[in-house]
Structures are given as C-alpha cells and as structure tokens.
Amino acid sequence: MMRILGRVTSINVRKALWAARELGLDYAHEDWGLPNRDPKVPEFMALNPNAKVPVLVEDDFVLWESVAIMLYLNRKAGGGLLPEDARQQGLVMQWVLWQNNEMGSNWAYPLMSIIRKAPGFDDPQKIADNIEAWTGKMNIIEAHLARTGDFVVGSAFSLADIAITLGLHRWFAIPFEHPPMPASQAYYERMKSRATATEWLADATP
C-alpha cells in the first residue's frame, strides 16, 4: 500500500493527505517529524536526505516535496484536481506555488511564538514585523477571492483550493488581531464544509 510519511501539524503533509483523501486513494499514514519521531535518522534520510516531510513511498518508488506529491497523486487517480485546459492548469499551479513560496513565507515566527511557545521566538518586534508582512500576502488572496466564485480557479475544486484553504486555516487559527477579510472568511467556511476537509482543518493543527 502507498504510504505517506509526516506529522499532521505540517501544512505540507496535510496537502498530501487531503489530496489523497479527496481523490479516493488508499494509503497508510505514518507519523514522522518532531516532537514524535525524528526524521534525522538513517531510516528516514535514506528516503529523503533533506530529512523533511512529507515523503510518499509506494513499493520501490519514493517521492518528496509536497507539490510534487500532490501532482503525482492527481495523475495516479486519473485526474480530477487539475484542469485539462492549459491556462486553467497554469493558474491552479500558480496559486499552489504561491501558497508554498509566498503565502507561508512569514507565518513561521508567529506560529512558533504564539502557538507553539518555542524558545527563541519571543521577540515582539519580529512577531509584529512578520505579521505585517504576512498580512500583506493575505491582502493578495483576499482581493483574488473577492473577484472569483466558489473556488480559487474556475468552477471546480482543485489542488489550489487545498493549498490556499490550509494557508487560510493557519491564518485564522493563530490568535492575533486580524484585519477584516470577508472574502477569505467566506471562502474558508465553504471549504470547511467539504466532507474531505474536516480532518485537516482541526483546532489541533493550525
């Protein structure tokens, strides 16, 4: 059976797990990642020398990087989460990569400080600076969602909706003073109503 390795507190792991569930694929989930299971051990690093999650293992095939895993899962299932139209497909991947590279570029410090209470993440100015930068990125998706319909791209649920919804979940889950973002809030509530989404948008996984 296909295995997906990684801790569910990781957004990147949840991207893979949600995509697999959405596509109706059978898989086994193995919890890897601190504080439960250190990936910096020979067993794991033989699969991914970066010692990062998620990792997909299927027979002798090993794949890491969350976006690559999402694309593989979609192809394995025969499609469904990536449009056939070249332009629509490009737009889906634009938002998947934007979430991966831009939307999440400033949330680590507030998350580690406010939620996880990690030592060394206690500088108020750094917290404020990162929240300000993060808010700037959120304004981009807020403006986009205010223009679109029910989904990030086009008229159907796609990989972009998985990535963006998980990013929004983190935004709304961390307690600080959030500016009003009605389009993002309405979209997030719609996505939470999907049967396949509930498990990945829990209070325990900001």
Side-chain angles (χ1 to χ4, degrees), residues 4-20 22 32-35 39 48 50-56 63-71 73 81-82 90-118 120-121 123 125-145 148 151-153 157-179 181 183-185 187-188 191-192 197 199-206:
I4 299 175
L5 284 55
R7 54 183 174 82
V8 294
T9 51
S10 162
I11 277 182
N12 288 330
V13 172
R14 278 179 280 152
K15 288 179 195 173
L17 294 171
W18 186 356
E22 189 80 32
W32 278 92
L34 294 173
N48 183 358
N50 301 291
K52 292 184 177 180
V53 294
V55 174
L56 180 147
L63 185 65
W64 32 269
E65 292 294 337
S66 62
V67 176
I69 292 172
M70 292 169 77
L71 289 170
L73 293 172
L81 296 182
L82 195 61
L91 288 171
V92 167
M93 292 312 301
Q94 167 189 281
W95 287 107
V96 168
L97 293 168
W98 180 81
Q99 185 276 332
N100 196 65
N101 300 327
E102 298 293 334
M103 188 183 192
S105 59
N106 295 102
W107 65 36
Y109 203 98
L111 175 71
M112 297 302 287
S113 174
I114 299 170
I115 295 290
R116 298 184 180 166
K117 312 295 183 185
F121 291 86
D123 185 329
Q125 189 59 53
K126 287 185 178 180
I127 296 170
D129 290 347
N130 278 279
I131 287 176
E132 181 180 6
W134 187 7
T135 302
K137 302 297 172 62
M138 287 297 302
N139 287 333
I140 293 173
I141 192 62
E142 171 67 15
H144 176 72
L145 292 172
T148 61
F151 303 102
V152 173
V153 176
F157 185 88
S158 71
L159 296 177
D161 294 291
I162 291 176
I164 293 299
T165 301
L166 288 168
L168 290 175
H169 176 63
R170 177 155 289 178
W171 168 260
F172 290 120
I174 300 178
F176 57 83
E177 187 172 350
H178 296 75
M181 293 197 176
S184 296
Q185 183 72 60
Y187 166 85
Y188 176 61
M191 292 302 105
K192 282 203 302 183
E199 188 173 354
W200 318 118
L201 303 175
D203 292 340
T205 54

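Heavy atoms only: backbone and side chains are in, while hydrogens, waters and symmetry mates are out.
- Remark: the backbone N or O of Ala202 is paired with a side-chain donor or acceptor of His169 at under 3.5 angstrom.
- Taken to the nearest 0.5 Å, the CG atom of Leu159 stands 15.5 Å off from the CH2 atom of Trp95.
- At least one donor-acceptor pair closer than 3.5 Å links the side chain of Asn130 to the backbone N or O of Lys126.
- Evaluation of the side-chain contact (heavy atoms from CB on, under 4.5 Å) rule for Gln94 yields Leu91 as partners, not counting sequence neighbours.
- In this structure, the separation between OH on Tyr187 and CD1 on Ile164 is 7.0 Å, given to the nearest 0.5 Å.
- In this view, Asn12 and Lys15, Ser66 satisfy the side-chain hydrogen bond (donor to acceptor under 3.5 Å, both in side chains) rule, not counting sequence neighbours.
- Residue Asn101 qualifies as enclosed at atom CG: its count of foreign heavy atoms under 6.0 Å is above 12.
- In terms of heavy atoms, Ala51 sits closest to Pro39 at O-CG, 3.5 Å.
- Within the model, atoms CE of Met93 and CG of Leu82 stand 7.0 Å from one another, a figure rounded to the nearest 0.5 Å.
- A side-chain donor-acceptor contact under 3.5 Å links Arg170 to the backbone of Pro206.
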Between Val13 and Trp32, does the side-chain contact (heavy atoms from CB on, under 4.5 Å) criterion hold? Intermediate values first, please. CA-CA 10 Å; Val13 172; Trp32 278 92; over 6 Å; no
Let's go through Tyr109 and Asp129 carefully: what are the C-alpha distance in whole Å and the side-chain angles of both, what is the deciding distance for side-chain contact (heavy atoms from CB on, under 4.5 Å) to 0.1 Å, and is it a yes or a no? CA-CA 10 Å; Tyr109 203 98; Asp129 290 347; over 6 Å; no
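- Remark: Met112 CE to Ile127 CD1 distance equals 12.0 Å, nearest 0.5 Å.
- For Ala173 against Ile115, the heavy-atom pair with the smallest separation is O-CD1, 4.0 Å.
- The shortest heavy-atom contact between Trp200 and Thr205 is O-OG1, 3.9 Å.
- Residues Ala68 and Leu63 approach most closely at O-CD2, 3.6 Å, considering heavy atoms.
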Intermediate values then yes/no, side-chain contact (heavy atoms from CB on, under 4.5 Å), Trp107 and Ile11: CA-CA 12 Å; Trp107 65 36; Ile11 277 182; 3.6 Å; yes
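- Looking only at distances, a side-chain donor or acceptor of Glu142 sits under 3.5 Å from a matching main-chain atom of Ser184.
- Side-chain atoms of Thr165 and Tyr188, non-hydrogen and from C-beta on, do get closer than 4.5 Å to each other.
- Of the residues listed (Met191, Gln185, Met181, Met103), the one engaging Leu168 in a side-chain contact (heavy atoms from CB on, under 4.5 Å) is Met103, and it is the only one.
- Asn106 CG to Glu132 CD: the interatomic distance, rounded to the nearest 0.5 Å, is 10.0 Å.
- In terms of the salt bridge (Lys or Arg N to Asp or Glu O under 4.0 Å) criterion, Lys52 has no residue partners (sequence neighbours excluded).
- Between Ala19 and Met70, the shortest heavy-atom contact is CB-CG, 4.5 Å.
- Checking Trp18 against Glu22 by side-chain atom types alone, a donor-acceptor pair falls below 3.5 Å.
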Which is it for Ile4 and Val55 under the side-chain contact (heavy atoms from CB on, under 4.5 Å) test, yes or no, and what are the steps along the way? CA-CA 6 Å; Ile4 299 175; Val55 174; over 6 Å; no
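- In this structure, Leu56 and Leu73 have side chains that are in contact, with non-hydrogen atoms separated by less than 4.5 Å.
- A distance of 11.5 Å separates CG in Asn100 from CG in Leu166, rounded to the nearest 0.5 Å.
- Across all non-hydrogen atoms, the minimal contact from Lys137 to Ser105 is NZ-OG, 3.1 Å.
- Note on ring orientation: taking the six-membered ring where Trp is involved, the planes of His178 and Trp171 are perpendicular (angle over 60°, cut-offs 30° and 60°).
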